[in-house]
Each structure stands twice: as structure tokens, then as C-alpha cells.
Amino acid sequence: DAGVIQSPRHEVTEMGQEVTLRCKPISGHNSLFWYRQTMMRGLELLIYFNNNVPIDDSGMPEDRFSAKMPNASFSTLKIQPSEPRDSAVYFCASSDTDKGNQPQHFGDGTRLSIL
Amino acid sequence: QQQVKQSPQSLIVQKGGIPIINCAYENTAFDYFPWYQQFPGKGPALLIAIRPDVSEKKEGRFTISFNKSAKQFSLHIMDSQPGDSATYFCAATLRGGGADGLTFGKGTHLIIQP
């Protein structure tokens with residue numbers, strides 16, 4: 001049973017570069033969430049989609065961050081231009097809200113380091 | 001403003017002991033309270049969850065106690081084992097488990113000593 005798949009697992013890049021994080025949700029799940037984890041702020045919701053439509057992006061820190069979900073099996077989180085304070089672990093999660101109270105399943109994250 | 005406060009930040013318990021992790025929330029509209037377990041290099045994994053119409057829920061060695069009037073809930077791990085050493089997060093959300101984003105506590109780093 002394939003879980004949520006995120007790529008890359010690790011990304012190291014220089015300040016100012018564009019960064020694209022990718023997520024493949026669990027097949028059949030209709031909600032997708034992007035979270036960021038840092039020591040200082042813990043786990044924070046950035047944005048979530050339902051049936052490929054963005055529902056709440058109030059957690060996106062700045063205009064430098066953008067997220068898309070072109071189809072039910074793929075989503076991207078893009079940072080342009082990247083800054084050192086964007087260094088964090090970024091998690092994608094998915095759930096099947098058509099089945100009532102279903103939990104969110106998390107991928108293993110992308111560890112992003114901006115130098 | 002932190003909507004879910006979790007304590008303690010870290011906890012060391014001897015094998016067989018009962019670690020207790022506490023959380024308090026502010027938003028009375030929250031209606032689903034999951035606990036997640038996270039191992040290093042892995043994403044959070046759902047452990048157990050409760051709704052506010054229930055005061056206690058037990059699954060295996062894990063129990064959630066819920067106090068709606070106090071807006072508090074806690075996780076108890078019975079007969080703790082070294083393999084339970086991990087970071088534990090409480091969370092809260094609106095509209096059920098998967099329909100809305102989760103608001104997480106800051107996490108508790110738990111160590112179970114052999």
C-alpha cells in the first residue's frame with residue numbers, strides 16, 4: 001500500500017534559487033495538505049486543497065510561496081526566491097474526506113536547507 | 001497565538017512506567033483531537049484520536065482522556081517500552097479528521113529508558 005510520496009527527500013540550495021517540492025497523495029484521497037516543521041514554530045499548516053481546489057492558504061508565509069495541484073495525484077510547493085529562513089522540513093499529507101472522519105496520512109517530508 | 005498548548009516539552013520515563021502528555025486548546029469549535037507519533041526522519045503517524053462527546057478512548061496501550069469543560073486532553077501510554085521513544089504531537093481540527101488542516105501542539109520528546 002503506497003503512502004504519501006514526497007520528493008526530493010533532501011534539498012540543499014543557495015539563497016535566491018527557486019525550490020520546487022513535490023507530493024503524490026495516496027490514490028483516492030481527495031484532500032491534500034502542506035505543512036512546515038521547524039524547531040521554533042513546530043508543525044504549521046501552509047495550505048490545503050480539496051478536490052484539487054485550494055481551500056485555505058492563510059498559512060502561506062509570503063508571496064514567495066506558491067502551491068498548485070494540477071490533478072488528483074500531484075501537487076507542488078514552490079519557493080521563489082528562497083531565503084535561509086525557509087529552511088525546514090516540509091510535509092505533505094492526504095486524506096479521504098468522502099469517507100467521513102478519516103485521518104490525515106503524512107509523507108516522510110522534504111528536508112530543505114537554504115544556504 | 002498558539003491555539004494548542006502541549007506539555008511537557010520532554011519526558012524521560014523508565015520502561016513499564018506511564019508517561020502522560022497534556023494538551024490544552026482554546027478554540028471551542030475544534031471537534032476532533034488526534035495524537036501523532038513521529039520518529040526521526042519520518043512523518044507524523046496517527047496514533048489515536050477522540051471527539052469531544054467522549055471522555056476517554058483506549059486503543060491498545062494508548063489512552064486519551066478528554067475534559068471538555070476544561071478544554072484539556074491528555075495521552076497516557078501504559079506499560080511503556082523503549083520502542084515508544086519518539087516525539088508525540090497533539091492536534092486539533094474542525095469538521096472532522098481529514099477535512100480541515102490540523103493545529104498542532106509543539107510536541108513532546110519522550111524517552112523510555114530500558
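Every heavy atom of this structure was used, including side-chain atoms; hydrogens, water molecules and symmetry mates were not. So you know, we letter chains A, B, ... as the sequences are listed, proteins then strands, and number each from 1.
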Do A:V89 and A:W34 sit in the same hydrophobic cluster, where Ile, Leu, Val, Met, Phe, Trp and Tyr count as joined when their side-chain heavy atoms come under 4.5 Å apart?
no
Determine yes or no for a side-chain-to-main-chain donor-acceptor pair under 3.5 angstrom, with A:Y35 supplying the side chain and B:G101 the backbone.
no
Can you tell me if CG on B:D53 sees more than 12 non-hydrogen neighbours from other groups inside 6.0 Å?
yes
In the structure I gave you, are the side-chain heavy atoms of B:L46 and A:Q104 within less than 4.5 Å of one another anywhere?
no
Using the rule that two of Ile, Leu, Val, Met, Phe, Trp, Tyr join whenever any of their side-chain heavy atoms come within less than 4.5 Å, decide whether B:I64 and B:I77 are in one cluster.
yes
Test of understanding: with side chain to side chain donor-acceptor pair (under 3.5 Å), list the residues that count as partners of A:Q6, not counting sequence neighbours.
none
Under a 4.5 Å heavy-atom cutoff, which of A:Q37, A:H29, A:H105 has the most pairs with chain B?
A:Q37
Find out if a path of hydrophobic residues (ILVMFWY) with successive side-chain heavy-atom gaps under 4.5 Å connects A:L32 to A:Y48.
no
Quick check: under 4.5 Å, non-hydrogen atoms only, which of residues 39-47 of chain A neighbour chain B?
A:M40, A:R41, A:G42, A:L43, A:L45
For the CD atom on A:E62, are there more than 12 heavy atoms of other groups (residues, nucleotides or ligands in this structure) within a distance under 6.0 Å?
yes
Distance, nearest 0.5 Å, that separates NZ of B:K42 from CZ of A:F91
10.5 Å
Contacting moiety of B:P44, where chain A heavy atoms sit under 4.5 Å:
both
Which ILVMFWY residues are connected to A:I26, directly or by a chain of links, through side-chain heavy atoms under 4.5 Å apart?
A:V4
Looking only at heavy atoms, which of residues 106-115 of chain A get nearer than 4.5 Å to chain B?
A:F106, A:G107, A:D108
Would a hydrophobic clustering, with Ile, Leu, Val, Met, Phe, Trp and Tyr connected at side-chain separations under 4.5 Å, put B:Y25 with B:I48?
yes
Could you state whether B:I20 and B:F62 fall into the same hydrophobic cluster, counting links through intermediate Ile, Leu, Val, Met, Phe, Trp or Tyr residues with side-chain heavy atoms under 4.5 angstrom apart?
no
So with a 6.0 Å cut-off around CD of A:E14, is the heavy-atom count from everything else above 12?
no
